[in-house]
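Only one structure is covered here, and it is reproduced in the block below.
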Amino acid sequence: MEDIDPLRDDILREVREAGSPEVLEAIRVSALGRRGRLTLLMRGLGELGPEARRVAGAALNAAKDEIAASLAEASDRLHRAALANRLAGERADVTLPVLPGPPSGCDTGRIHPISQTIDEIIAIFGEMGFVVAEGPHIEDDFYNFTALNIPPDHPARQEHDTFYLPPRVDGSRLVLRTHTSPVQIRTMLAQPPPLRIIVPGRTFRADHDSTHSPMFHQVEGLVIDRTTHMGHLKGCLIEFCRAFFDVEDLPVRFRPSYFPFTEPSAEVDIGCSRAGGELKIGHGGANGPQDWLEILGSGMVHPQVLRNCGIDPAEYQGFAFGMGIERVAMLKYGIPDLRTFYDSDLRWLRHYGFLPLDIPSPVRGALSGGAAA
Ligand code: PHE
């Protein structure tokens with residue numbers, strides 16, 4: 001059999017010089033493929049005598065191993081080079097500054113005050129370890145009412161001015177959720193405690209005037225743990241109110257109240273003054289007598305609600321709260337009429353909206369402090 005060294009050296013050189021994975025594959029096929037140069041020589045071994053076959057066979061196997069190793073090495077090198085090339089091509093310079101002024105889109109678009117307020121609320125509770133949960137707008141009666149300890153004949157059902165969908169075959173009716181509280185139930189049924197969630201979202205009630213809209217937003221909070229008590233509820237909500245309104249000594253008051261799904265229940269008021277006809281959040285102090293504004297409902301989760309979700313009230317307790325987002329947005333940003341939130345009036349949005357880069361921070365609401373001019 002002819003000397004295979006020159007053939008081996010040729011193939012190794014071709015491999016070294018291959019400039020792409022495709023070329024490399026062609027070389028592999030032409031050397032080691034079914035009709036490859038080395039393969040054909042291997043087939044020829046049968047025609048040799050025993051001794052010659054042994055010598056030539058060993059040499060062919062050694063050459064084959066060497067070529068296979070060099071193919072693997074080259075393939076690795078080519079793939080790494082291709083990746084580096086691609087990354088270099090897709091490189092984005094994140095330090096590039098946004099162009100000042102028009103025509104950059106960042107200057108014309110505005111973040112709606114509802115979105116901004118939701119982001120601020122999430123940032124503050126996120127810092128306290130809450131995670132966001134969501135649920136459907138169309139709810140089953142069970143989640144919106146029954147599991148929340150509001151049985152069919154309960155007067156709270158009438159107070160909710162519920163939008164009902166047409167009856168289903170079995171006579172039951174789905175509802176547009178009247179509050180974000182059904183997500184408490186969904187979460188407790190889906191995940192074991194401890195839990196710490198906030199739930200921003202749309203809610204619906206058949207009510208329409210300057211302070212009510214048939215569609216509005218709430219944010220729900222729920223904490224379930226082994227030793228949760230009213231002190232945690234108070235500490236958490238006082239902290240939230242002060243961070244959200246950016247008033248360090250903001251007076252916060254807990255007023256006994258009633259919700260079927262919490263016991264005890266408390267409504268939360270923040271201090272304000274209305275001296276000179278101007279509403280100011282914070283201490284009445286020298287500006288006039290202390291006045292109060294109700295901003296949220298809260299309470300310790302009712303043991304029956306825990307039981308409805310398979311949680312043993314002797315082992316776990318918790319607190320919950322619900323807050324109207326439009327209301328706190330109006331208070332924080334001095335927006336006088338609820339209905340204007342949904343008018344889609346560009347002049348209004350330019351006035352009350354936020355610059356897209358005005359990122360909400362957990363500590364003080366919007367970083368730049370306040371609505372864009
Ligand atoms: N779901 C109540 C409402 O819409 C608010 C609330 C939530 C009260 C959680 C207590 C606890 O009015």
Side-chain angles (χ1 to χ4, degrees), residues 118 121 125 128 130 132-137 139-151 154-163 175-188 195-207 211-225 228-230 232-238 240-241 252-270 293-306 308-309 311 313 316-329 338:
I118 289 176
I121 294 171
F125 283 109
M128 299 188 210
F130 286 71
V132 173
E134 283 178 314
H137 295 163
E139 264 300 6
D140 207 289
D141 181 282
F142 172 78
Y143 296 104
N144 196 78
F145 293 122
T146 309
L148 285 161
N149 206 26
I150 316 176
H154 198 286
R157 291 213 180 199
Q158 277 71 59
E159 284 162 28
H160 274 215
D161 299 313
T162 313
F163 284 113
V175 302
L176 294 186
R177 67 177 180 192
T178 57
H179 49 180
T180 40
S181 303
V183 186
Q184 287 189 34
I185 304 299
R186 288 183 174 275
T187 307
M188 286 189 275
L195 296 169
R196 208 180 291 184
I197 55 156
I198 46 162
V199 185
R202 293 187 172 188
T203 47
F204 307 83
R205 292 186 199 179
D207 211 349
T211 55
H212 295 92
S213 150
M215 188 282 296
F216 59 107
H217 297 75
Q218 286 191 337
V219 62
E220 190 86 6
L222 174 72
V223 173
I224 304 282
D225 211 332
T228 311
H229 54 69
M230 196 75 189
H232 294 127
L233 177 156
K234 290 183 71 178
C236 172
L237 294 178
I238 292 173
F240 165 76
C241 292
V252 180
R253 177 173 85 169
F254 293 79
R255 208 165 15 82
S257 184
Y258 172 79
F259 300 101
F261 34 90
T262 49
E263 181 59 37
S265 304
E267 267 162 326
V268 182
D269 301 336
I270 55 168
L293 274 169
E294 178 200 322
I295 62 157
L296 51 86
S298 68
M300 300 306 296
V301 179
H302 196 291
Q304 191 53 48
V305 173
L306 293 172
N308 291 344
C309 299
I311 296 175
Y316 284 99
Q317 304 80 43
F319 66 87
F321 54 89
M323 176 167 55
I325 293 177
E326 282 81 352
R327 184 162 169 76
V328 293
L338 175 81

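Computed from a prediction, not measured in an experiment: that's the story for all the values here. Residues: numbered from 1 along the sequence shown. Counting starts at 1 for both ligands and their atoms, in listed order.
Judged by the shortest distance from any of its heavy atoms, M300 lies outside the 4.0 Å radius around the atoms of ligand 1. Distances shorter than 4.0 angstrom do not occur between any heavy atom of M323 and any atom of ligand 1. For F319, the heavy-atom gap to ligand 1 stays at 4.0 angstrom or more.
For ligand 1, the atoms sitting less than 4.0 Å from at least one non-hydrogen atom of A320 are 9 (C), 11 (C), numbered in the order shown with element in parentheses. Interface of Q184 with ligand 1, defined as ligand atoms under 4.0 Å from a residue heavy atom, comprises 9 (C). Using a 4.0 Å cut-off to heavy atoms of F261, the atoms of ligand 1 that qualify are 1 (N), 2 (C), 6 (C), 7 (C), 8 (C), 9 (C), 10 (C), 11 (C). For ligand 1, the atoms closer than 4.0 angstrom to any heavy atom of Q218 are 3 (C), 4 (O). Of all atoms in ligand 1, listed by their number and element, those nearer than 4.0 Å to a heavy atom of F321 are 7 (C), 9 (C), 11 (C).
With a heavy-atom cut-off of 4.0 Å, R205 touches ligand 1 through its side chain alone. When heavy-atom distances to ligand 1 are checked against a 4.0 Å cut-off, S298 comes that close only through its backbone atoms N, CA, C and O.
Under the 6.0 Å cut-off for aromatic ring centres, H179 and F261 qualify, their centroids lying closer than that.
Checking F125, F321, F130 one by one against F240, the ring pair (Phe, Tyr, Trp, His ring centres under 6.0 Å) holds for a single residue, F125.
The heavy atom nearest to atom 1 (N) of ligand 1, considering only G297, S181, G221, is found in S181.
Among all protein heavy atoms, the one lying closest to atom 5 (C) of ligand 1 is G322 CA, 3.9 Å.
Counted within 6.0 Å of CD on E294, heavy atoms from surrounding residues, nucleotides or ligands total more than 12; the atom is thus considered enclosed.
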